[in-house]
Amino acid sequence: MNSLIDFFLRKRLFADMLALTILVVGIYSITQIRRDAFPNVQFDIIAISTFYPGASAEEIEKLITNPIEQDLQEVDGIKKVQSVSVEGRSEITVQLDPDQTTEREGKEDIKSVVDRLTFPSEAEDPLVVALETKQQPIIQVALSSDMPEIELRVIAKDLEKVIEALPGVARVAYNGLRDLEIRVNVDPNKLIRQSVSLDEIVRALKAQNNSIPAGTLDPDPTATVKAEKIVRTMGEFEKISDVENTVVRANELNRAIRVKDLATVAWDLEKRQVINKTNGRPSISLTVIKKEKADAIKVVDAVKVAVGDFKAGKDAFNADFIDDVSSFIRNRLSVLTSNMLVGLLLICFTLTLFLPWRVSLVVATGIFLSFFGTMGFFHLAGYSLNLISLLGIIIVSGMLVDDAIVVTDSIVTYMQEGLSPAEAARKGTLEIWPAVTASVATTVVAFLPMMFMSGIFGKFVREIPLGVIVALAFSLGESVLLLPQHLMTFVRLKDFDLPEKPRGITRVRKGFLRFWEEKIIPRYVGAVTKIVHH
């Protein structure tokens, strides 16, 4: 370490370029670093969802949930399995043990087990999903109006296309949006007159509403260009007329009974499951979910601009913003910025009372180097600025200048004793760096256990000690490697001489030093003498 300190004292240009590089990289990182609400965390939880429309809870438990749970016993690394069987749906939650398997391996093993099981033909294929925070909801856009819901639904669908086209938006999820469906209202009297049952209508609609692959058509041997053609029978309903003209029954005379002869067909919305209102009016909410690498604040700003442009000139509906996550990030960033600025001013003022203003300015630059160095590390390492990591940086913001003050005091003491700036910088730094390093190390080891906490909570809080440790490491490096060279270069002995008739801050400093030397120091020396004596 002594040789490293000597190297930085000799290589002034290298030290200046290193400090400049840290500042440039830090400033660039601040403009480019991703801002999120929370860090991306893998919960080590796998969810298995299976839908079986029309089945009772008992059937779901017997035919789907129990077979899956039985076969999951052969998968290694499972810590706990929980299941819920309700009408039409089976939900199984698998908690993995991170000490035995990774989330990726656990998901693949579970999926392979689920895929080989046989379920009822009416049941949908199970959906195996790993829970994580990659795609986070960042804001809701609530469209409210007294217009018919079908019209409001069209507006919501149009706005969805606008929002999903924005950079950084992964998808849009709905609250209160009912699916559009074709409703067939059968007339019982017509069924009786035509001697048709409901089952016949259901079978006819089900048979017609299909898209069936029919294989391939061999090429014509006489054709110039020989190519196979894929044949597919298209019969899916697209219009009301397609349903109305569906043949339910026909006789030998080619007289057919169609759906429109037995029922009325119209577009309608599915049965309401959730009542969604905003400010007392019926509404449809669009939850905007951002991409993993997108900046939350930039995406929210883009969404607000896009919604404003979309609504311009349209008074039939209102667009309100709810659950704006970016507001919490802005507030935390504001707290960090204000803390840094106020802290810097107080530090400069306090140092100026004891030291010349030139020395105080050199010491204060350590805050910027430590802060910008931390931002550069976070950006280059792929971390984001979020509510958790910002907490660690706010905690450490008041500690960044402590090392620099101690090193500066040691160097200034030797300068006042008559040593040259270069000799004072070398001797003062070599004498004090072990104590400064020990001081930083005690803080680091106090926060270090938080980085190894287990469980989901441990994954979330891991960035708090990371911010503290990285910032303190940059502060220590700046104090013992860069600061001595800066003091040696910019500080002279004449800076400590006070004029006979000082003015401004120099006058305040002279008065404070007189009070300090005449009142505080004698009493402190007396107190220490008595304590040591006893």
Side-chain angles (χ1 to χ4, degrees), residues 45-96 103-131 173-174 177-186 191 196-215 230-238 242-243 246-249 259 262-263 265 268-274:
I45 293 177
I46 309 297
I48 308 171
S49 303
T50 310
F51 293 90
Y52 186 4
S56 64
E58 291 77 10
E59 291 177 312
I60 294 290
E61 177 78 15
K62 179 180 178 181
L63 300 176
I64 296 178
T65 304
N66 286 343
I68 294 178
E69 288 182 332
Q70 185 69 28
D71 282 19
L72 284 178
Q73 295 180 6
E74 65 185 67
V75 178
D76 294 331
I78 291 181
K79 190 175 183 179
K80 183 169 61 174
V81 177
Q82 292 179 314
S83 64
V84 177
S85 298
V86 297
E87 183 179 347
R89 187 176 78 253
S90 167
E91 294 285 350
I92 300 176
T93 303
V94 181
Q95 184 176 350
L96 302 176
E103 185 181 72
R104 181 178 179 180
E105 293 174 351
K107 180 181 177 181
E108 291 177 353
D109 293 341
I110 291 173
K111 187 169 179 60
S112 64
V113 167
V114 173
D115 287 344
R116 70 168 182 252
L117 291 174
T118 302
F119 299 106
S121 58
E122 296 84 0
E124 299 180 7
D125 293 334
L127 185 63
V128 181
V129 178
L131 301 185
Y174 287 105
L177 182 76
R178 293 192 287 169
D179 288 336
L180 202 60
E181 60 186 19
I182 299 176
R183 183 157 297 182
V184 179
N185 297 309
V186 179
L191 290 180
V196 177
S197 66
L198 279 176
D199 287 341
E200 288 183 84
I201 299 178
V202 171
R203 286 196 300 269
L205 292 173
K206 188 174 181 180
Q208 182 65 32
N209 189 33
N210 273 321
S211 178
I212 304 173
I230 299 176
V231 181
R232 189 178 188 89
T233 303
M234 305 295 292
E236 294 180 345
F237 295 142
E238 296 181 358
D242 295 338
V243 180
T246 299
V247 176
V248 178
R249 184 194 298 168
V259 171
L262 306 170
V265 184
D268 202 351
L269 297 173
E270 67 176 345
K271 186 178 179 181
R272 187 184 297 276
Q273 303 291 334
V274 177

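The shown structure was predicted, so the numbers you read here are calculated from the model rather than taken from an experiment. Atoms considered below: every heavy atom in the structure, side chains included; atoms not considered: hydrogens, waters and symmetry mates.
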**Prompt:** Quick check: does any side chain N or O of E108 sit under 3.5 Å from a backbone N or O of E105, one acting as donor and the other as acceptor?
**Reply:** no
**Message:** For a quick test of reading the model, state the closest non-hydrogen atom pair linking A57 to S85 and the distance between them.
**Reply:** CB-O, 3.8 Å
**Residue pair S83 / E69: nearest heavy atoms and the distance that separates them** = OG-OE2, 2.6 Å
**Item:** Rounded distance (nearest 0.5 Å) linking atom CG of L205 with atom CD1 of I182
**Value:** 9.5 Å
**Asked** Is atom CD of E87 surrounded by more than 12 heavy atoms (other residues, nucleotides or ligands) closer than 6.0 Å?
**Response** no
**Message:** Can you give me the closest heavy-atom contact between V184 and V265, atom names plus distance?
**Reply:** CG2-CG2, 4.3 Å
**Prompt:** Heavy-atom count around D76 CG within 6.0 Å, excluding the residue itself: above 12?
**Reply:** no
**Message:** One pair to check against salt bridge (charged side-chain N to carboxylate O under 4.0 Å, His left out): E74 and R116. What are the steps and the verdict?
**Reply:** CA-CA 13 Å; E74 65 185 67; R116 70 168 182 252; 2.5 Å; yes
**Request:** Please lay out, stage by stage, how K79 and L96 fare under the test side-chain contact (heavy atoms from CB on, under 4.5 Å).
**Result:** CA-CA 5 Å; K79 190 175 183 179; L96 302 176; over 6 Å; no
**Prompt:** Under 4.5 Å between any side-chain heavy atoms of K111 and V114, yes or no?
**Reply:** no
**For the student: nearest non-hydrogen atoms of I46 and K107, plus distance** = CD1-CB, 3.9 Å
**Message:** Working to the nearest 0.5 angstrom, can you tell me the gap between R203 CZ and S197 OG?
**Reply:** 6.0 Å
**Request:** Decide yes or no for I110 and V94: does some side-chain heavy atom of the first lie under 4.5 Å from some side-chain heavy atom of the second?
**Result:** yes
**Message:** Counting only heavy atoms from other residues, nucleotides and ligands, does the tally under 6.0 Å from CZ of R104 exceed 12?
**Reply:** no
**Asked** Roughly how far, to the nearest 0.5 Å, is the CD atom of E200 from the CG atom of L191?
**Response** 9.5 Å
**Asked** Are any non-hydrogen side-chain atoms of E124 and Y52 less than 4.5 angstrom apart?
**Response** no
**Item:** With V81, the side-chain contact (heavy atoms from CB on, under 4.5 Å) member among T93, I48, I92
**Value:** I92
**Prompt:** L127 and V129: side-chain contact (heavy atoms from CB on, under 4.5 Å), yes or no, with the steps?
**Reply:** CA-CA 6 Å; L127 185 63; V129 178; 3.7 Å; yes
**Item:** Any side-chain donor near an acceptor of the partner, S90 and T65, under 3.5 Å
**Value:** yes
**Fill in**
Nearest heavy-atom contact between E91 and S49 is OE1-OG, 2.7 Å
**Request:** Starting at CD1 of I78, measure out to CG of D109 and round the result to the nearest 0.5 Å.
**Result:** 8.5 Å
**Message:** Can you tell me which residue among D125, I64, L63 is in a side-chain contact (heavy atoms from CB on, under 4.5 Å) with F119?
**Reply:** I64
**Item:** Side chain N66, main chain E61, donor-acceptor under 3.5 Å
**Value:** yes
**Complete:** Smallest heavy-atom separation, E103 atom then A130 atom, equals CD-CB, 3.8 Å
**Asked** Between CG of L117 and OG1 of T50, what distance do you get to the nearest 0.5 Å?
**Response** 9.5 Å
